[in-house]
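For reference, the structure is listed below as C-alpha coordinates.
We name chains A, B, ... by the order of the sequence lines, and we start the count at 1 in each one.
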Amino acid sequence: MRRSQLFLPTLKETPSEAKIVSHRLMLRAGLVRQSSAGIYTWLPAGYRVLRKIEEIVREEQDRAGAQEVLMPTIQSAEVWQKSGRYDDYGKEMLRIEDRHGREMLFGPTAEEVITDIVANEINSYRDLPKNLYNIQWKFRDEVRPRFGVMRGREFLMKDNYSFDIDYESARHSYNKMFVAYLRTYARMGLTAIPMAADTGPIGGDLSHEFIVLAETGESAVFCDRALLEMPAPGHEVDYDSDLGGTVEIWSNHYAATDEKHDPDNCPIAGDQLVKARGIEVGHIFYFGTKYSEPLGAIVQGPDGQQITLEMGSYGIGVSRLVGAIIEASHDDAGIIWPESVAPWLVGLINLKVGDSDCDAASEKIYADLRAAGIEAIYDDRDERAGAKFADMDLVGIPWQITIGPRGIKDGKVEVKRRGEDEKSEIAIEVLGDWISERAAS
RNA sequence: CGGGAAGUAGCUCAGCCUGGUAGAGCACUACGUUCGGGACGUAGGGGCCGGAGGUUCGAAUCCUCUCUUCCCGACCA
(Lines give C-alpha, C1' and ligand atoms only; values in the text may rest on other atoms or scores of the structure.)
Protein backbone atom coordinates (compact mmCIF):
# COMPACT_ATOMS: atom_id res chain seq x y z
CA MET A 1 0.00 0.00 0.00
CA ARG A 2 1.28 3.42 -0.89
CA ARG A 3 1.39 5.64 2.14
CA SER A 4 0.33 8.58 0.02
CA GLN A 5 -2.97 6.88 -0.69
CA LEU A 6 -3.52 5.19 2.61
CA PHE A 7 -6.01 6.40 5.18
CA LEU A 8 -3.68 6.38 8.15
CA PRO A 9 -4.25 9.51 10.20
CA THR A 10 -1.32 9.56 12.63
CA LEU A 11 -1.13 12.13 15.38
CA LYS A 12 1.86 13.96 16.78
CA GLU A 13 0.02 14.88 19.89
CA THR A 14 -2.04 12.70 22.17
CA PRO A 15 -5.77 13.31 22.44
CA SER A 16 -6.45 14.33 26.02
CA GLU A 17 -9.03 11.65 26.78
CA ALA A 18 -6.54 8.82 26.39
CA LYS A 19 -4.72 7.99 29.59
CA ILE A 20 -3.21 4.58 29.11
CA VAL A 21 -0.46 3.78 26.67
CA SER A 22 -2.33 1.38 24.39
CA HIS A 23 -5.21 3.80 24.01
CA ARG A 24 -2.87 6.69 23.30
CA LEU A 25 -0.92 4.71 20.75
CA MET A 26 -4.02 3.35 19.06
CA LEU A 27 -5.24 6.88 18.53
CA ARG A 28 -1.85 8.29 17.58
CA ALA A 29 -1.03 5.45 15.19
CA GLY A 30 -4.35 5.90 13.45
CA LEU A 31 -5.78 2.49 14.38
CA VAL A 32 -9.10 3.62 15.82
CA ARG A 33 -11.23 6.63 16.52
CA GLN A 34 -13.69 6.80 19.34
CA SER A 35 -17.29 7.10 18.28
CA SER A 36 -18.83 7.38 21.73
CA ALA A 37 -17.90 6.10 25.17
CA GLY A 38 -16.56 2.58 24.77
CA ILE A 39 -17.48 2.38 21.08
CA TYR A 40 -14.88 2.63 18.34
CA THR A 41 -14.48 2.85 14.60
CA TRP A 42 -11.63 0.70 13.37
CA LEU A 43 -9.54 2.46 10.72
CA PRO A 44 -7.63 0.51 8.05
CA ALA A 45 -4.46 -0.20 10.03
CA GLY A 46 -6.33 -1.12 13.19
CA TYR A 47 -8.78 -3.28 11.35
CA ARG A 48 -5.94 -5.17 9.68
CA VAL A 49 -4.50 -5.97 13.11
CA LEU A 50 -7.89 -6.96 14.45
CA ARG A 51 -8.43 -9.35 11.55
CA LYS A 52 -5.01 -10.93 12.00
CA ILE A 53 -5.68 -11.59 15.65
CA GLU A 54 -9.10 -12.93 14.74
CA GLU A 55 -7.53 -15.25 12.18
CA ILE A 56 -5.03 -16.67 14.67
CA VAL A 57 -7.86 -17.29 17.12
CA ARG A 58 -9.87 -18.95 14.34
CA GLU A 59 -7.02 -21.20 13.22
CA GLU A 60 -6.39 -22.42 16.73
CA GLN A 61 -10.07 -23.02 17.36
CA ASP A 62 -10.42 -24.98 14.15
CA ARG A 63 -7.31 -26.96 14.96
CA ALA A 64 -8.75 -27.86 18.36
CA GLY A 65 -11.87 -29.19 16.70
CA ALA A 66 -14.27 -26.32 17.29
CA GLN A 67 -16.61 -25.34 14.46
CA GLU A 68 -17.36 -21.78 13.53
CA VAL A 69 -20.88 -20.42 13.37
CA LEU A 70 -22.20 -16.89 13.35
CA MET A 71 -24.88 -15.94 15.80
CA PRO A 72 -26.90 -12.74 15.68
CA THR A 73 -25.91 -9.58 17.52
CA ILE A 74 -29.56 -8.91 18.31
CA GLN A 75 -31.18 -11.64 20.35
CA SER A 76 -34.70 -12.30 21.48
CA ALA A 77 -35.47 -11.96 25.17
CA GLU A 78 -37.31 -15.27 25.11
CA VAL A 79 -34.35 -17.59 25.58
CA TRP A 80 -32.96 -15.34 28.27
CA GLN A 81 -36.23 -15.54 30.13
CA LYS A 82 -36.03 -19.32 29.95
CA SER A 83 -32.54 -19.41 31.45
CA GLY A 84 -33.55 -16.90 34.09
CA ARG A 85 -30.80 -14.48 33.17
CA TYR A 86 -33.05 -11.86 31.58
CA ASP A 87 -33.74 -10.39 34.98
CA ASP A 88 -30.40 -11.30 36.54
CA TYR A 89 -28.19 -9.63 33.98
CA GLY A 90 -29.20 -6.14 34.99
CA LYS A 91 -28.40 -2.89 33.31
CA GLU A 92 -25.31 -4.17 31.58
CA MET A 93 -27.63 -5.71 29.04
CA LEU A 94 -28.72 -3.29 26.35
CA ARG A 95 -32.43 -3.88 25.97
CA ILE A 96 -34.28 -2.94 22.83
CA GLU A 97 -37.89 -3.05 21.79
CA ASP A 98 -38.78 -3.71 18.17
CA ARG A 99 -41.70 -2.08 16.34
CA HIS A 100 -44.09 -4.76 17.50
CA GLY A 101 -43.17 -4.16 21.10
CA ARG A 102 -41.18 -7.41 21.33
CA GLU A 103 -38.35 -7.42 23.80
CA MET A 104 -34.96 -7.78 22.15
CA LEU A 105 -31.42 -7.26 23.34
CA PHE A 106 -27.94 -6.72 21.99
CA GLY A 107 -26.17 -9.92 22.95
CA PRO A 108 -23.60 -9.61 25.74
CA THR A 109 -22.82 -13.33 25.34
CA ALA A 110 -24.51 -16.27 23.66
CA GLU A 111 -25.01 -19.25 25.98
CA GLU A 112 -28.77 -19.02 25.55
CA VAL A 113 -28.80 -18.70 21.78
CA ILE A 114 -26.41 -21.55 21.13
CA THR A 115 -27.96 -23.84 23.72
CA ASP A 116 -31.34 -23.24 22.16
CA ILE A 117 -29.97 -24.24 18.76
CA VAL A 118 -28.35 -27.36 20.14
CA ALA A 119 -31.49 -28.25 22.08
CA ASN A 120 -33.45 -28.13 18.84
CA GLU A 121 -31.00 -29.81 16.53
CA ILE A 122 -29.10 -32.39 18.53
CA ASN A 123 -31.11 -35.26 19.87
CA SER A 124 -28.72 -38.19 20.12
CA TYR A 125 -25.58 -38.93 22.10
CA ARG A 126 -24.11 -40.03 18.78
CA ASP A 127 -23.98 -36.41 17.62
CA LEU A 128 -21.76 -35.44 20.51
CA PRO A 129 -19.43 -33.95 21.46
CA LYS A 130 -19.82 -30.61 19.74
CA ASN A 131 -17.93 -27.42 20.22
CA LEU A 132 -19.30 -24.37 18.42
CA TYR A 133 -17.75 -20.95 18.35
CA ASN A 134 -18.34 -17.58 16.83
CA ILE A 135 -16.40 -14.37 16.58
CA GLN A 136 -18.98 -11.67 16.91
CA TRP A 137 -19.49 -8.20 18.28
CA LYS A 138 -20.88 -8.12 21.79
CA PHE A 139 -22.32 -5.26 23.74
CA ARG A 140 -22.15 -4.83 27.47
CA ASP A 141 -23.33 -1.52 28.79
CA GLU A 142 -20.47 -1.06 31.22
CA VAL A 143 -21.01 1.58 33.83
CA ARG A 144 -17.60 2.91 33.18
CA PRO A 145 -15.98 2.05 29.87
CA ARG A 146 -12.29 2.95 29.85
CA PHE A 147 -8.83 2.09 28.67
CA GLY A 148 -9.80 2.40 25.01
CA VAL A 149 -10.63 -0.94 23.42
CA MET A 150 -9.50 -2.80 26.53
CA ARG A 151 -12.78 -2.08 28.23
CA GLY A 152 -15.16 -1.01 25.56
CA ARG A 153 -18.89 -1.42 25.65
CA GLU A 154 -18.90 -2.87 22.16
CA PHE A 155 -16.17 -5.44 21.66
CA LEU A 156 -15.27 -8.33 19.41
CA MET A 157 -15.27 -11.63 21.24
CA LYS A 158 -14.60 -15.19 20.29
CA ASP A 159 -16.97 -17.24 22.37
CA ASN A 160 -17.59 -20.92 22.19
CA TYR A 161 -19.65 -23.52 23.83
CA SER A 162 -18.99 -27.20 24.26
CA PHE A 163 -21.66 -29.84 24.57
CA ASP A 164 -20.83 -33.24 25.98
CA ILE A 165 -22.59 -36.34 27.18
CA ASP A 166 -20.85 -36.62 30.54
CA TYR A 167 -18.34 -34.99 32.82
CA GLU A 168 -15.34 -36.90 31.50
CA SER A 169 -16.02 -35.82 27.98
CA ALA A 170 -16.78 -32.25 29.06
CA ARG A 171 -13.52 -32.15 30.90
CA HIS A 172 -11.71 -33.16 27.74
CA SER A 173 -13.46 -30.36 25.83
CA TYR A 174 -12.32 -27.98 28.52
CA ASN A 175 -8.76 -29.21 28.30
CA LYS A 176 -8.70 -28.78 24.54
CA MET A 177 -9.63 -25.14 24.92
CA PHE A 178 -7.08 -24.71 27.68
CA VAL A 179 -4.35 -25.90 25.35
CA ALA A 180 -5.70 -23.99 22.36
CA TYR A 181 -5.66 -20.79 24.41
CA LEU A 182 -2.04 -21.24 25.40
CA ARG A 183 -1.15 -21.65 21.74
CA THR A 184 -3.29 -18.74 20.62
CA TYR A 185 -1.61 -16.22 22.91
CA ALA A 186 1.86 -17.55 22.23
CA ARG A 187 1.35 -17.03 18.50
CA MET A 188 0.67 -13.37 19.18
CA GLY A 189 3.93 -13.00 21.03
CA LEU A 190 2.25 -12.85 24.41
CA THR A 191 3.14 -14.50 27.68
CA ALA A 192 -0.16 -15.71 29.06
CA ILE A 193 -0.66 -17.45 32.34
CA PRO A 194 -3.71 -19.50 33.24
CA MET A 195 -5.12 -18.75 36.63
CA ALA A 196 -7.80 -20.62 38.53
CA ALA A 197 -10.76 -18.29 38.72
CA ASP A 198 -14.05 -17.70 40.38
CA THR A 199 -16.89 -18.74 38.19
CA GLY A 200 -18.97 -15.65 38.89
CA PRO A 201 -22.46 -15.22 37.49
CA ILE A 202 -21.91 -17.72 34.67
CA GLY A 203 -21.72 -20.41 37.29
CA GLY A 204 -20.06 -23.79 37.40
CA ASP A 205 -17.15 -25.18 39.30
CA LEU A 206 -14.13 -25.19 36.99
CA SER A 207 -12.72 -22.07 35.48
CA HIS A 208 -9.47 -20.44 34.39
CA GLU A 209 -8.66 -16.90 33.42
CA PHE A 210 -5.84 -16.25 31.01
CA ILE A 211 -3.75 -13.28 32.00
CA VAL A 212 -1.33 -11.59 29.67
CA LEU A 213 1.62 -9.99 31.35
CA ALA A 214 2.20 -6.30 30.72
CA GLU A 215 3.77 -3.72 32.97
CA THR A 216 0.74 -1.51 32.59
CA GLY A 217 -1.79 -4.28 33.23
CA GLU A 218 -4.81 -3.43 35.31
CA SER A 219 -4.34 -5.99 38.04
CA ALA A 220 -1.39 -7.28 39.99
CA VAL A 221 -0.63 -10.98 39.75
CA PHE A 222 1.72 -13.28 41.57
CA CYS A 223 3.00 -16.43 39.97
CA ASP A 224 5.66 -19.08 39.86
CA ARG A 225 8.51 -17.98 37.64
CA ALA A 226 8.42 -21.37 35.95
CA LEU A 227 5.11 -20.41 34.33
CA LEU A 228 6.81 -17.67 32.36
CA GLU A 229 9.40 -20.02 31.00
CA MET A 230 7.20 -22.88 29.90
CA PRO A 231 6.80 -23.05 26.16
CA ALA A 232 3.23 -23.26 24.90
CA PRO A 233 2.21 -26.63 23.45
CA GLY A 234 3.56 -26.90 19.91
CA HIS A 235 1.91 -27.10 16.55
CA GLU A 236 2.05 -30.89 16.71
CA VAL A 237 -0.21 -31.18 19.75
CA ASP A 238 -2.75 -33.97 19.34
CA TYR A 239 -6.10 -32.77 20.53
CA ASP A 240 -7.53 -36.28 20.53
CA SER A 241 -4.97 -37.42 23.04
CA ASP A 242 -5.43 -37.07 26.76
CA LEU A 243 -4.50 -33.47 27.48
CA GLY A 244 -5.06 -33.81 31.18
CA GLY A 245 -1.34 -34.00 31.90
CA THR A 246 -0.55 -30.79 30.05
CA VAL A 247 -3.35 -28.93 31.72
CA GLU A 248 -2.29 -30.23 35.09
CA ILE A 249 1.30 -29.10 34.65
CA TRP A 250 0.17 -25.60 33.79
CA SER A 251 -2.54 -25.29 36.37
CA ASN A 252 -0.48 -26.75 39.18
CA HIS A 253 1.96 -23.88 39.09
CA TYR A 254 1.09 -21.14 41.49
CA ALA A 255 -0.67 -18.10 40.09
CA ALA A 256 -2.96 -15.73 41.95
CA THR A 257 -4.41 -12.30 41.66
CA ASP A 258 -3.64 -9.53 44.08
CA GLU A 259 -6.74 -10.16 46.17
CA LYS A 260 -6.19 -13.87 46.54
CA HIS A 261 -2.47 -13.84 47.04
CA ASP A 262 -1.55 -14.38 50.67
CA PRO A 263 2.14 -13.57 51.18
CA ASP A 264 2.19 -15.48 54.46
CA ASN A 265 0.87 -18.67 52.98
CA CYS A 266 2.42 -18.58 49.56
CA PRO A 267 3.90 -21.91 48.43
CA ILE A 268 6.44 -20.18 46.21
CA ALA A 269 9.55 -18.86 47.82
CA GLY A 270 11.85 -15.95 47.16
CA ASP A 271 13.03 -15.34 43.64
CA GLN A 272 10.83 -18.03 42.24
CA LEU A 273 7.81 -15.83 42.94
CA VAL A 274 7.15 -13.24 40.27
CA LYS A 275 5.08 -10.18 40.94
CA ALA A 276 3.75 -8.78 37.72
CA ARG A 277 0.81 -6.98 36.25
CA GLY A 278 -1.66 -8.54 33.91
CA ILE A 279 -4.59 -8.11 31.60
CA GLU A 280 -7.33 -10.69 31.36
CA VAL A 281 -7.69 -11.76 27.75
CA GLY A 282 -9.56 -15.00 28.08
CA HIS A 283 -11.74 -16.99 30.39
CA ILE A 284 -12.88 -20.58 30.23
CA PHE A 285 -15.63 -22.25 32.23
CA TYR A 286 -17.11 -25.64 32.79
CA PHE A 287 -20.60 -25.21 34.17
CA GLY A 288 -22.42 -28.50 33.73
CA THR A 289 -26.13 -28.29 33.09
CA LYS A 290 -26.73 -24.69 34.14
CA TYR A 291 -28.10 -23.74 30.73
CA SER A 292 -28.82 -27.10 29.15
CA GLU A 293 -31.37 -27.90 31.80
CA PRO A 294 -33.60 -24.81 31.60
CA LEU A 295 -33.27 -24.67 27.82
CA GLY A 296 -33.95 -28.37 27.37
CA ALA A 297 -30.68 -29.43 25.73
CA ILE A 298 -31.29 -33.11 26.24
CA VAL A 299 -30.32 -36.10 24.12
CA GLN A 300 -31.14 -39.72 24.18
CA GLY A 301 -28.35 -41.98 25.38
CA PRO A 302 -27.42 -45.49 24.26
CA ASP A 303 -29.81 -47.06 26.73
CA GLY A 304 -32.65 -44.83 25.75
CA GLN A 305 -32.34 -42.62 28.79
CA GLN A 306 -32.63 -38.82 28.63
CA ILE A 307 -29.32 -37.06 29.25
CA THR A 308 -28.94 -33.38 29.97
CA LEU A 309 -25.84 -32.03 28.25
CA GLU A 310 -22.70 -31.00 30.07
CA MET A 311 -21.56 -27.61 28.90
CA GLY A 312 -18.60 -25.31 28.99
CA SER A 313 -18.03 -21.85 27.56
CA TYR A 314 -14.83 -20.18 26.48
CA GLY A 315 -14.14 -16.57 25.64
CA ILE A 316 -11.32 -14.57 24.13
CA GLY A 317 -11.53 -10.80 23.94
CA VAL A 318 -10.35 -10.31 20.37
CA SER A 319 -10.57 -6.52 20.28
CA ARG A 320 -9.13 -6.31 23.78
CA LEU A 321 -6.11 -8.26 22.56
CA VAL A 322 -5.19 -5.42 20.23
CA GLY A 323 -4.79 -3.19 23.27
CA ALA A 324 -3.19 -5.93 25.34
CA ILE A 325 -0.51 -6.61 22.75
CA ILE A 326 0.34 -2.92 22.62
CA GLU A 327 0.51 -2.75 26.39
CA ALA A 328 2.92 -5.67 26.33
CA SER A 329 4.97 -4.42 23.41
CA HIS A 330 5.78 -0.75 22.88
CA ASP A 331 8.44 1.85 23.53
CA ASP A 332 8.64 5.63 23.62
CA ALA A 333 8.43 5.86 19.85
CA GLY A 334 5.31 3.77 19.46
CA ILE A 335 3.98 0.28 18.97
CA ILE A 336 6.22 -2.75 18.42
CA TRP A 337 4.01 -5.31 16.67
CA PRO A 338 4.90 -8.97 16.72
CA GLU A 339 5.15 -10.02 13.08
CA SER A 340 2.14 -12.30 13.37
CA VAL A 341 -0.29 -9.45 13.98
CA ALA A 342 1.42 -6.44 12.39
CA PRO A 343 -0.76 -4.47 9.99
CA TRP A 344 2.11 -4.63 7.48
CA LEU A 345 5.26 -6.67 7.76
CA VAL A 346 7.53 -4.27 5.94
CA GLY A 347 7.69 -0.51 5.75
CA LEU A 348 9.55 0.92 2.81
CA ILE A 349 10.89 4.43 3.21
CA ASN A 350 11.91 6.41 0.17
CA LEU A 351 14.01 9.15 1.71
CA LYS A 352 14.22 11.31 -1.38
CA VAL A 353 11.06 11.27 -3.41
CA GLY A 354 11.80 12.92 -6.72
CA ASP A 355 15.34 11.58 -6.96
CA SER A 356 15.29 9.26 -9.93
CA ASP A 357 17.63 6.66 -8.41
CA CYS A 358 15.75 6.54 -5.12
CA ASP A 359 12.39 6.44 -6.86
CA ALA A 360 13.44 3.67 -9.22
CA ALA A 361 14.95 1.54 -6.47
CA SER A 362 11.96 2.06 -4.20
CA GLU A 363 9.47 1.16 -6.90
CA LYS A 364 11.46 -1.93 -7.76
CA ILE A 365 11.66 -3.14 -4.19
CA TYR A 366 8.01 -2.37 -3.59
CA ALA A 367 7.08 -4.39 -6.68
CA ASP A 368 9.31 -7.26 -5.53
CA LEU A 369 7.72 -7.27 -2.10
CA ARG A 370 4.28 -7.36 -3.59
CA ALA A 371 5.24 -10.10 -6.01
CA ALA A 372 6.54 -12.13 -3.07
CA GLY A 373 3.20 -11.69 -1.33
CA ILE A 374 4.70 -9.65 1.50
CA GLU A 375 2.48 -7.03 3.02
CA ALA A 376 4.29 -3.77 2.65
CA ILE A 377 3.57 -0.14 3.19
CA TYR A 378 5.54 2.14 0.90
CA ASP A 379 6.08 5.67 2.15
CA ASP A 380 6.19 7.57 -1.11
CA ARG A 381 5.17 10.89 0.39
CA ASP A 382 7.23 13.99 -0.11
CA GLU A 383 7.93 14.35 3.59
CA ARG A 384 11.07 14.86 5.56
CA ALA A 385 13.02 11.82 6.63
CA GLY A 386 12.29 12.34 10.30
CA ALA A 387 8.56 12.37 9.76
CA LYS A 388 8.70 9.11 7.86
CA PHE A 389 10.88 7.34 10.40
CA ALA A 390 8.72 8.58 13.24
CA ASP A 391 5.58 7.39 11.50
CA MET A 392 6.91 3.90 10.82
CA ASP A 393 8.06 3.58 14.42
CA LEU A 394 4.75 4.87 15.74
CA VAL A 395 2.69 2.47 13.66
CA GLY A 396 5.09 -0.28 14.71
CA ILE A 397 5.98 -1.88 11.38
CA PRO A 398 8.30 -4.83 12.21
CA TRP A 399 10.80 -4.26 9.39
CA GLN A 400 11.88 -0.94 7.93
CA ILE A 401 13.70 -0.73 4.64
CA THR A 402 15.23 2.67 3.98
CA ILE A 403 16.20 3.75 0.52
CA GLY A 404 18.25 6.93 0.47
CA PRO A 405 20.70 8.75 -1.78
CA ARG A 406 23.61 7.89 0.50
CA GLY A 407 23.27 4.13 0.20
CA ILE A 408 21.88 3.96 -3.28
CA LYS A 409 25.20 5.16 -4.70
CA ASP A 410 26.73 1.91 -3.46
CA GLY A 411 23.70 -0.12 -4.36
CA LYS A 412 22.68 -0.55 -0.74
CA VAL A 413 19.59 -0.08 1.36
CA GLU A 414 19.21 -0.10 5.12
CA VAL A 415 17.15 -2.59 7.05
CA LYS A 416 16.02 -2.04 10.61
CA ARG A 417 14.09 -4.26 12.97
CA ARG A 418 11.50 -2.31 14.94
CA GLY A 419 12.55 -2.17 18.55
CA GLU A 420 16.24 -2.46 17.78
CA ASP A 421 18.44 0.53 17.24
CA GLU A 422 21.04 -0.55 14.74
CA LYS A 423 20.36 -0.62 11.05
CA SER A 424 22.17 -2.99 8.76
CA GLU A 425 23.13 -2.20 5.21
CA ILE A 426 22.10 -4.72 2.63
CA ALA A 427 23.02 -4.78 -1.04
CA ILE A 428 19.96 -4.42 -3.22
CA GLU A 429 20.82 -7.64 -5.09
CA VAL A 430 20.72 -9.60 -1.84
CA LEU A 431 17.50 -8.02 -0.67
CA GLY A 432 15.56 -10.46 -2.82
CA ASP A 433 16.87 -13.38 -0.75
CA TRP A 434 16.18 -11.56 2.44
CA ILE A 435 12.66 -10.99 1.23
CA SER A 436 12.07 -14.60 0.27
CA GLU A 437 13.27 -15.72 3.68
CA ARG A 438 10.68 -13.41 5.16
CA ALA A 439 8.04 -14.64 2.78
CA ALA A 440 8.61 -18.21 3.88
CA SER A 441 7.68 -17.49 7.47
C1' C B 1 -23.71 2.95 41.05
C1' G B 2 -20.79 6.38 44.68
C1' G B 3 -16.78 10.31 44.40
C1' G B 4 -14.01 13.99 41.27
C1' A B 5 -12.72 16.83 36.83
C1' A B 6 -13.26 18.79 31.85
C1' G B 7 -15.99 20.62 27.32
C1' U B 8 -13.13 27.11 23.02
C1' A B 9 -10.29 25.35 15.24
C1' G B 10 -8.82 18.41 13.15
C1' C B 11 -5.08 17.91 17.78
C1' U B 12 -2.75 20.23 22.38
C1' C B 13 -4.27 24.40 24.98
C1' A B 14 -4.63 29.98 26.45
C1' G B 15 -8.59 33.55 27.19
C1' C B 16 -13.14 33.15 31.94
C1' C B 17 -11.35 35.36 38.20
C1' U B 18 -12.22 41.40 36.79
C1' G B 19 -18.40 40.78 30.68
C1' G B 20 -16.96 44.94 25.47
C1' U B 21 -16.40 42.15 17.73
C1' A B 22 -12.27 34.69 19.45
C1' G B 23 -6.28 33.55 20.18
C1' A B 24 -1.39 30.55 20.01
C1' G B 25 1.38 26.10 18.60
C1' C B 26 0.80 21.80 15.67
C1' A B 27 -2.17 20.08 11.45
C1' C B 28 -4.35 21.96 6.55
C1' U B 29 -3.84 25.22 1.45
C1' A B 30 -0.37 28.18 -1.86
C1' C B 31 4.55 29.91 -2.90
C1' G B 32 9.75 29.99 -1.73
C1' U B 33 14.15 28.17 0.89
C1' U B 34 15.35 23.46 2.89
C1' C B 35 15.77 18.03 2.99
C1' G B 36 19.29 10.88 6.57
C1' G B 37 15.15 11.06 12.86
C1' G B 38 8.54 15.04 13.27
C1' A B 39 12.56 22.16 9.21
C1' C B 40 11.94 27.61 8.24
C1' G B 41 9.72 32.05 6.00
C1' U B 42 5.55 34.63 3.71
C1' A B 43 0.41 34.58 2.62
C1' G B 44 -4.18 32.01 3.52
C1' G B 45 -8.57 28.77 4.96
C1' G B 46 -10.96 26.90 9.15
C1' G B 47 -15.09 28.48 15.35
C1' C B 48 -23.19 29.33 16.40
C1' C B 49 -16.64 28.97 22.67
C1' G B 50 -21.16 21.29 23.90
C1' G B 51 -26.72 22.60 24.15
C1' A B 52 -31.03 25.31 26.33
C1' G B 53 -32.74 29.01 29.40
C1' G B 54 -31.63 33.41 32.42
C1' U B 55 -29.02 38.21 34.12
C1' U B 56 -27.15 42.49 31.18
C1' C B 57 -27.11 47.84 26.57
C1' G B 58 -23.71 43.72 25.67
C1' A B 59 -22.06 36.77 27.66
C1' A B 60 -16.75 32.14 25.68
C1' U B 61 -16.63 34.94 30.40
C1' C B 62 -21.82 35.59 35.52
C1' C B 63 -26.34 32.23 37.16
C1' U B 64 -29.63 27.74 36.40
C1' C B 65 -30.67 23.32 33.94
C1' U B 66 -29.06 19.70 30.57
C1' C B 67 -25.88 16.66 27.35
C1' U B 68 -21.14 14.63 26.51
C1' U B 69 -16.25 12.96 27.74
C1' C B 70 -12.45 11.61 31.13
C1' C B 71 -10.37 10.12 36.01
C1' C B 72 -10.68 7.26 41.08
C1' G B 73 -13.49 3.26 43.47
C1' A B 74 -17.14 -1.33 43.21
C1' C B 75 -17.99 -4.95 38.48
C1' C B 76 -16.13 -7.30 33.85
C1' A B 77 -13.67 -10.78 27.48
Intermediate values then yes/no, salt bridge (Lys or Arg N to Asp or Glu O under 4.0 Å), A:Arg28 and A:Glu13: CA-CA 7 Å; A:Arg28 286 194 55 214; A:Glu13 284 173 298; over 6 Å; no
For the [atom1] atoms, the ones on [N] and on [M], what distance do you get once it is rounded to whole angstrom?
{"N": "B:A39", "M": "B:G45", "atom1": "C1'", "result": "23 Å"}
{"N": "B:A74", "M": "B:G2", "atom1": "C1'", "result": "9 Å"}
{"N": "B:C26", "M": "B:C40", "atom1": "P", "result": "7 Å"}
{"N": "B:A60", "M": "B:A52", "atom1": "P", "result": "12 Å"}
{"N": "B:C62", "M": "B:C75", "atom1": "C1'", "result": "41 Å"}
{"N": "B:U56", "M": "B:G50", "atom1": "P", "result": "23 Å"}
{"N": "B:C49", "M": "B:C11", "atom1": "P", "result": "16 Å"}
{"N": "B:C70", "M": "B:A59", "atom1": "C1'", "result": "27 Å"}

Basic-acidic side-chain contact under 4.0 Å: A:Lys364, A:Asp368: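 A:Asp368 and A:Lys364: salt-bridged.
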Any ion pair linking A:Glu339 and A:Arg417 (charged N to carboxylate O, less than 4.0 Å)? yes
Along RNA chain B (nearest heavy atom to each residue), the more 5'-positioned of A:Ser36 and A:Val281: A:Ser36
Where does the angle between the aromatic ring planes of [X] and [Y] fall among parallel (under 30°), tilted (30 to 60°) and perpendicular (over 60°)?
{"X": "A:Tyr89", "Y": "A:Trp80", "result": "perpendicular"}
{"X": "A:Phe287", "Y": "A:Tyr291", "result": "perpendicular"}
{"X": "A:Tyr286", "Y": "A:Tyr167", "result": "perpendicular"}
{"X": "A:Trp434", "Y": "A:Trp399", "result": "perpendicular"}

Assigned partner base of [N], Watson-Crick or wobble definition, under 3.5 Å:
{"N": "B:A60", "value": "none"}
{"N": "B:U69", "value": "B:A5"}
{"N": "B:C17", "value": "none"}
{"N": "B:G25", "value": "B:C11"}

Among [options], the one nearest [X] by side-chain distance:
{"X": "A:Arg151", "options": "B:G38, B:C70, B:A77", "result": "B:A77"}
{"X": "A:Ser319", "options": "B:U69, B:A77, B:G37", "result": "B:A77"}
{"X": "A:Arg140", "options": "B:C76, B:C70, B:U12", "result": "B:C76"}
{"X": "A:Arg144", "options": "B:U12, B:C71, B:G38", "result": "B:C71"}
{"X": "A:Glu13", "options": "B:A77, B:C70, B:C11", "result": "B:C11"}
{"X": "A:Pro15", "options": "B:C11, B:A77, B:U69", "result": "B:C11"}
{"X": "A:Arg146", "options": "B:C70, B:A77, B:C71", "result": "B:C71"}
{"X": "A:Lys12", "options": "B:A27, B:C70, B:A77", "result": "B:A27"}
{"X": "A:Lys416", "options": "B:G73, B:C11, B:G37", "result": "B:G37"}
{"X": "A:Ala387", "options": "B:G38, B:C76, B:U69", "result": "B:G38"}

Tell me what [X] touches on the nucleic acid: a base, only sugar-phosphate, or nothing, going by heavy atoms under 4.0 Å.
{"X": "A:Lys91", "answer": "sugar-phosphate"}
{"X": "A:Asp159", "answer": "nothing"}
{"X": "A:Arg33", "answer": "nothing"}
{"X": "A:Gly152", "answer": "base"}

Euclidean distance, atom CD of residue A:Gln136 to atom C1' of B:A77 [Å, nearest integer]: 14 Å
Just how far is it from atom [atom1] of [X] to atom [atom2] of [Y], taken to the nearest 0.5 Å?
{"X": "A:Arg151", "Y": "A:His23", "atom1": "CZ", "atom2": "NE2", "result": "14.0 Å"}
{"X": "A:Ser251", "Y": "A:Leu206", "atom1": "OG", "atom2": "CG", "result": "8.5 Å"}
{"X": "A:Lys158", "Y": "A:Glu68", "atom1": "NZ", "atom2": "CD", "result": "10.5 Å"}

Members of residues 181-191 of chain A that approach RNA chain B, where some heavy atom sits under 4.0 Å away: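 Contacting residues: none.
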Are A:Leu228 and A:Val274 packed together at the side-chain level, in the sense that at least one heavy-atom pair is separated by less than 4.5 angstrom?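 With C-beta onward as the side chain, the pair touches.
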What does the B/S/- profile of nucleotides 28-36 of chain B look like, 5' to 3', with a 4.0 Å heavy-atom cutoff to protein? ------BSB
